[in-house]
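Note that the structure is a prediction, hence the values are computed from the model and not measured.
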Amino acid sequence: MNAQHIPSDYFKKFLKKTTVCSFFLKIISIPIGIISAKLISMLVSHATNGEINQVINVGVILIIFILASKILQIFANIQYQKLQLNSLQKCKISLYKKFLSNPLHLLYSSEHGKSIEKLHDDFNTVTDKIINLYPDLYTGILTACAYTLFLAFNSIHAALILLAISFIQFVPPIIIKKYMQVNYDNCREIEAEITDFIIEACRGFNTIKLYNLKQWWLDKMSKYYKKYVKIGSTSIYTATAQHSINEFVSTILKYGTYGILGLLVLSKITDIDSAIQAIALSG
C-alpha cells in the first residue's frame, strides 16, 4: 500500500482504546460541572440568608469536591498521556513501514517536501481527529444536552437563554475557517517547495559549483522566501483576526450571560439559584 494513499481510518485500530479513554475523560467533566454548580448555588443561597454555619459546611464540601476531582483528573490524565504516546508510536511505526515498503524507484522519485508534510503534519492532523476531534464533538453534544436539561428542571428560561447565547460561538469559525484553510494549504505548499529546492541543491552541489550557479540558486531561494514571507504574513494576520474575534465573542458570552440572567432575576422570571447555576455552567 502506498503511504500517500492510506485511508484516514487506517489508524483507528491502533487508537481505538485511546479514543475511548479520551471520551470518558472528557465526559467526566459533565457531572463534575453539574455538582459544582449545585454546590455554588447552595453556598450563595445560604450566604444571602445569613446562615453562616451552612455556608462553612457547604464551602468545605465544595473545596473537598473540587480538590478531589482535580487530583483524580490529574492522575487519570497522566495514565492517558502514556497510553496516547504508546498508541501514536505504534501508528508511526506502521506508517513508516507502509511508506518504506514502496518500490525504490518510487521512494527515489518522491518529493521530499511533500513526503515530510504527509509523514508529520498530515499524520498529526489525522490522528488528532480520531483522538480529540470526535470525542470533543460527542462530549460537546452530551454536555449541551445535560446542562440544558439540568437547568430546565429548575428554570426553562435560564436554560433557553444559555443555549441561545452559546450559539454565538459558531460565528468565529464560520467567518474565519475559509481563510485559515486557504492560508494553511498555501503555507504547506511553499514549505514543501523550499524543502525540495534545498534537497535538490544538495544533490546537485557539484553541478552548481562546476557551472558557477551559486548566485542563481541564491536568487531563486530568495524568491521562494519572499513568497513564503508574504503567505506567512497573511496567515499571521488571519490567525490574529481569529484570536481577536474569539476574545470578543468570549467577552459577549461572559458579560452578556451575566446581564441577561440578572435581568431575568430582577424581573422574577427565574430565581437566583437557577441563575447562579447557569452562570457556573456557562463556561
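- There is no path of hydrophobic side-chain contacts, each under 4.5 Å, that joins Ile34 to Leu72.
- The nearest pair of heavy atoms linking Ile40 to Ile276 is CG2-CG2, 3.8 Å.
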Show me, pair by pair, the donor-acceptor contacts under 3.5 angstrom made by side chains of residues 206-219, not counting sequence neighbours?
| residue | atom | partner | partner atom | Å |
| --- | --- | --- | --- | --- |
| Gln215 | NE2 | Asp219 | OD1 | 3.0 |

Exercise for the section: Apply the test side chain to side chain contact (heavy atoms under 4.5 Å, CB included) to residues Thr139 and Tyr134: give CA-CA distance (whole Å), side-chain angles for both, the deciding distance (0.1 Å), then the verdict. Expected result: CA-CA 8 Å; Thr139 303; Tyr134 292 149; over 6 Å; no
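- When atom types are taken as modelled, the side chain of Thr270 and the backbone of Leu264 share no donor-acceptor pair closer than 3.5 angstrom.
- Here the closest non-hydrogen pair linking Gln277 and Ser41 is NE2-OG, 3.1 Å.
- Sparse packing is recorded around CZ of Phe248, with 12 or fewer heavy atoms of other residues, nucleotides or ligands lying under 6.0 Å away.
- Remark: side-chain polar atoms of Ser155 are not paired, donor with acceptor, to backbone N or O of Ala152 under 3.5 angstrom.
- Listed here is the closest heavy atom pair of Cys21 and Leu83: SG-CD2, 3.6 Å.
- Asp128 places no side-chain N or O within donor-acceptor distance of the main-chain N or O of Asn124, the cut-off being under 3.5 Å.
- Side chain of Asp271 to main chain of Asp273: a donor-acceptor pair is present (N/O by atom type, distance under 3.5 Å, no hydrogens or angles).
- Atoms CZ and SG, from Phe197 and Cys202 in turn, are 11.0 Å apart once rounded to the nearest 0.5 Å.
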Handout entry: From CA spacing to verdict: side chain to side chain contact (heavy atoms under 4.5 Å, CB included), Leu15, Leu88
Key = CA-CA 8 Å; Leu15 300 174; Leu88 291 175; 4.2 Å; yes
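- Taking hydrophobic clusters as Ile, Leu, Val, Met, Phe, Trp and Tyr residues chained together by side-chain heavy-atom distances below 4.5 Å, Leu149 does not share a cluster with Ile161.
- Contact check for Ile131 versus Pro135: no side-chain heavy atoms found under the 4.5 Å cut-off.
- Remark: Ile260 CD1 is packed, more than 12 non-hydrogen atoms of other residues, nucleotides or ligands lying under 6.0 Å away.
- Atom CZ of Phe205 sits in a sparse spot, with 12 or fewer heavy atoms from other residues, nucleotides or ligands closer than 6.0 Å.
- Although no hydrogens or angles enter the test, the distance criterion places a donor-acceptor pair under 3.5 Å between the side chain of Ser29 and the main chain of Lys26.
- Side-chain contact between Leu85 and Gln89 is absent, with no heavy-atom pair separated by less than 4.5 Å.
- Distance CE/Met221 to OH/Tyr225: 5.5 Å, rounded to 0.5 Å.
- Hydrophobic clustering, with ILVMFWY side chains joined whenever heavy atoms are under 4.5 angstrom apart, keeps Ile74 apart from Leu25.
- Using a 4.5 Å heavy-atom threshold, the side chains of Leu95 and Cys91 count as separate.
- Looking only at side-chain heavy atoms (C-beta outward), Phe14 and Thr127 stay at 4.5 Å or farther from each other.
- Interatomic distance, CG of Leu160 versus NE2 of His157, reported as 7.5 Å (0.5 Å rounding).
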Exercise for the section: Check the pair His46, Ile52 against side chain to side chain contact (heavy atoms under 4.5 Å, CB included), reporting the backbone distance first and the verdict last. Expected result: CA-CA 7 Å; His46 290 313; Ile52 305 300; over 6 Å; no
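- Of all heavy-atom pairs spanning Gly59 and Leu43, the tightest one is N-CD1, 3.7 Å.
- Within the model, atoms CG of Asp136 and NZ of Lys129 stand 14.0 Å from one another, a figure rounded to the nearest 0.5 Å.
- Panel note: side chain Thr148, backbone Cys145; no donor-acceptor pair is recorded below 3.5 Å.
- Counting heavy atoms from C-beta on, the side chains of Gln73 and Lys70 come closer than 4.5 Å.
- Atom OH of residue Tyr228 and atom SG of residue Cys187 lie 6.0 Å apart, to the nearest 0.5 angstrom.
- Taking the six-membered ring for Trp and the full ring otherwise, Phe123 and Phe11 have centroids separated by under 6.0 Å.
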Exercise for the section: Decide yes or no on side chain to side chain contact (heavy atoms under 4.5 Å, CB included) for Ile93 and Lys90, but give the supporting numbers first. Expected result: CA-CA 5 Å; Ile93 292 173; Lys90 291 179 182 178; 5.8 Å; no
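- Considering every non-hydrogen atom in both Leu62 and Ser36, the closest pair reads CD1-O, 4.2 Å.
- Atoms CZ and CG, from Arg203 and Asp196 in turn, are 9.0 Å apart once rounded to the nearest 0.5 Å.
- Counting heavy atoms from C-beta outward, Tyr258 and Leu263 have side chains that stay 4.5 Å or more apart.
- Scanning all heavy atoms of the two residues, the minimum distance from Ile130 to Lys12 falls at CD1-CG, 3.9 Å.
- The shortest side-chain heavy-atom distance between Val229 and Lys226 does not fall under the 4.5 Å cut-off.
- Leu133 and Val126 fall into different hydrophobic clusters, where Ile, Leu, Val, Met, Phe, Trp and Tyr are joined by side-chain heavy atoms under 4.5 Å apart, directly or via other members.
- Ile32 and Ile63 are members of different hydrophobic clusters when ILVMFWY side chains are connected at heavy-atom separations under 4.5 Å.
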